[in-house]
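Input: a single structure, listed below in structure tokens.
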Amino acid sequence: MLKVSLKGCDSFVKDAQYQEYVNKALAAYDVLDSESGAGNDFLGWKTLPDGTPESLIQQFEAVRDGWKKKGVDLVIVIGIGGSYLGARCAVEALGHQFLPTKNAPRVVFAGNNLSEEYLAEMMDLAEVSNVACIVISKSGTTTEPAVAFRIVKEHIEKRYGKAEASDRIVAITDAVKGALKTLATQEGYRSFVVPNNVGGRFSVLSPVGLLPICVAGFDIRQMLRGAAAAKQQVSVRNADNPAIQYAAMRNLQYFELGKKVEVLVTYNPRLMFLGEWWKQLFGESEGKDGKGIYPASANFTTDLHSIGQFIQDGDRCMFETVVNVEKSRRSVVIGSDEQNLDQLNYLAGQHVEHCNAMAALGTKLAHIDGGVPQIEICVEQVDEFCIGEIFYFFEAACGISAYLLGVNPFNQPGVEAYKKNMFALLRKPGYEAQTEDILKRLE
């Protein structure tokens, strides 16, 4: 069971302050629960853990098994933002960090940048692999994934022929409209639906995340069970609800203590992309109307040797949320050495994870002493069930926190500004009139 501990904030806040924000979080919970707040037409994510039909999971498995029979050893997942971050988070958390997943293809991600070198080197890999592709886009016209898909599609069609390409490309897109839906229908691609009532950053438990995770060789039924367990846990209206606790404390840090930055910290490198997914979830949900906590992430102990100095002794603008994993899935014991030149014999016989845990405790005390409050979120281990728990917990907590903050958690009015400028500079039809003005501004 996922747990939240606020003991690392005790020396910074008063009980009465915290209770005030618990009451505010409960009011925000009521808005989310009653589906009466701004953006309430994007609450479909709430039903995904226990509302995903078995027949849909079996369709995902049919894609996986069909590609396995063809010998596919590379699946390129194309998408940006919420269309890839959740899947990548799960794949990197659950897979071996150095070896391929047994009986599963390698899964790589494209369409999340416009780097020519990145695409060229990915296509180097495609040239020596047996390739299939999952393309994820509601519209099919978002620039980054559309560019990547055009290149990957051309490669697959030239190498395998158009008829075979139709079996090697799967689209996850709108149910009835859009460029990608039109293409999927024309070319006969298998397609799955991006639910209309689920925004991209809340879509990891929909086909957007589940199909890539399934194809990568992981148990999506267990992930949904974990999410369902978290849903049950955060659906209780009281102060013991971990989503209420987290939302209350992070908003207290912001409003009462002036903390403008939240650093999501993990002590396990396989959770590095959890920080990337979490940053989009909270940054895009709360960063609007001149409000919001800036979401940052760090992986300790690695980053203690880089930004650790700033966290310990820099501007007191931040607090930490640490995701702790209680059990390691592997065992490595430190041996003894006769010369002991590295002076580590005092650790002989200890598990490396014990050292990691002591580093976490030592860091917690040092940072609290240095003026950095700490929230802890604990899960049992890194497996499909716990990853599902984490996903749903943060989604629910984000909805509550944003309503407490006073913003719509489910829109993103600021993400279009750069696109308009980029389109004008690229002289996209319809944007030419803005080009000269933008060029003058850049002089």
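Heads up: numbering here begins at 1 and tracks the sequence.
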Quick one: pull up [atom1] in [X] and [atom2] in [Y] and give me the separation to the nearest 0.5 Å.
X: Ser83; Y: Ile172; atom1: OG; atom2: CD1; answer: 8.5 Å
X: Cys214; Y: Glu61; atom1: SG; atom2: CD; answer: 5.0 Å
X: Glu187; Y: Leu180; atom1: CD; atom2: CG; answer: 11.0 Å
X: Asn408; Y: Glu286; atom1: CG; atom2: CD; answer: 11.5 Å
X: Asp167; Y: Lys70; atom1: CG; atom2: NZ; answer: 4.0 Å
X: Asn197; Y: Phe202; atom1: CG; atom2: CZ; answer: 12.5 Å

Nearest non-hydrogen partners of [X] and [Y], listed with the distance:
X: Leu404; Y: Ala28; result: N-CB, 3.6 Å
X: Val204; Y: Ala87; result: CG2-N, 4.1 Å
X: Ser285; Y: Pro409; result: OG-O, 3.2 Å
X: Ile375; Y: Cys9; result: CG1-SG, 3.9 Å
X: Gly95; Y: Thr101; result: CA-OG1, 4.1 Å
X: Ala228; Y: Pro49; result: N-CB, 3.5 Å

Could you check whether atom [atom1] of [X] has more than 12 heavy atoms from other residues, nucleotides or ligands sitting under 6.0 Å from it?
X: Asp15; atom1: CG; result: no
X: Glu117; atom1: CD; result: no
X: Met1; atom1: CE; result: no
X: Lys291; atom1: NZ; result: yes
X: Arg150; atom1: CZ; result: no
X: Gln232; atom1: CD; result: no
X: Arg106; atom1: CZ; result: no
X: Phe255; atom1: CZ; result: yes

Has [X] got a side-chain atom pairing as donor or acceptor with [Y]'s backbone, closer than 3.5 angstrom?
X: Asp174; Y: Lys181; value: no
X: Asn268; Y: Arg270; value: yes
X: Arg316; Y: Gly370; value: yes
X: Thr142; Y: Pro145; value: no
X: Asp73; Y: Asn130; value: yes
X: Tyr21; Y: Ala247; value: no
X: Thr266; Y: Asn299; value: no
X: Ser129; Y: Ala126; value: no
X: Glu380; Y: Cys386; value: no
X: Arg64; Y: Gly217; value: no

>> Pair Glu384, Arg225 - check salt bridge (Lys or Arg N to Asp or Glu O under 4.0 Å), show working.
In response: CA-CA 9 Å; Glu384 289 93 335; Arg225 290 186 189 109; over 6 Å; no
Any side-chain donor near an acceptor of the partner, [X] and [Y], under 3.5 Å:
X: Asn23; Y: Glu20; answer: no
X: Asn251; Y: Ser401; answer: yes
X: Glu320; Y: His367; answer: yes
X: Arg250; Y: Thr321; answer: no
X: Gln412; Y: Arg201; answer: yes

Using a strict threshold of under 4.0 Å (side-chain N to carboxylate O), is an ion pair present between [Y] and [X]?
X: Lys14; Y: Glu256; value: no
X: Asp50; Y: Lys231; value: yes
X: Glu395; Y: Lys46; value: no
X: Asp383; Y: Arg329; value: no

> Taking Val170 as the fixed residue, which of Val215, Ile136, Val63, Val77 is the one that meets the side-chain contact (heavy atoms from CB on, under 4.5 Å) rule?
Replying inline: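 Among Val215, Ile136, Val63, Val77, the one meeting side-chain contact (heavy atoms from CB on, under 4.5 Å) with Val170 is Val63.
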Please examine the side chains of [Y] and [X], heavy atoms only from C-beta on, and report whether any two atoms are closer than 4.5 Å.
X: Tyr254; Y: Leu405; value: yes
X: Gln233; Y: Phe393; value: no
X: Leu43; Y: Phe410; value: yes
X: Val194; Y: Pro207; value: no
X: Tyr392; Y: Trp45; value: yes
X: Val135; Y: Tyr189; value: no
X: Ile293; Y: Phe282; value: no
X: Ile307; Y: Val263; value: no

>> Could you walk me through whether Lys24 and Leu252 satisfy the side chain to side chain contact (heavy atoms under 4.5 Å, CB included) test, starting with their C-alpha distance in whole Å, then the side-chain angles of each, then the deciding distance to 0.1 Å, before giving a yes or no?
In response: CA-CA 10 Å; Lys24 291 180 178 181; Leu252 189 161; over 6 Å; no
>> Ring centres under 6.0 Å, that's the criterion: do Phe12 and Phe319 meet it?
In response: no
> Which of these, Glu326, Glu376, Glu389, sits in a salt bridge (charged side-chain N to carboxylate O under 4.0 Å, His left out) with Lys3?
Replying inline: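 Considering Glu326, Glu376, Glu389, a salt bridge (charged side-chain N to carboxylate O under 4.0 Å, His left out) with Lys3 is found only for Glu326.
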>> Below 30° counts as parallel, above 60° as perpendicular, anything between as tilted: where do the rings of Phe109 and Tyr84 land?
In response: tilted
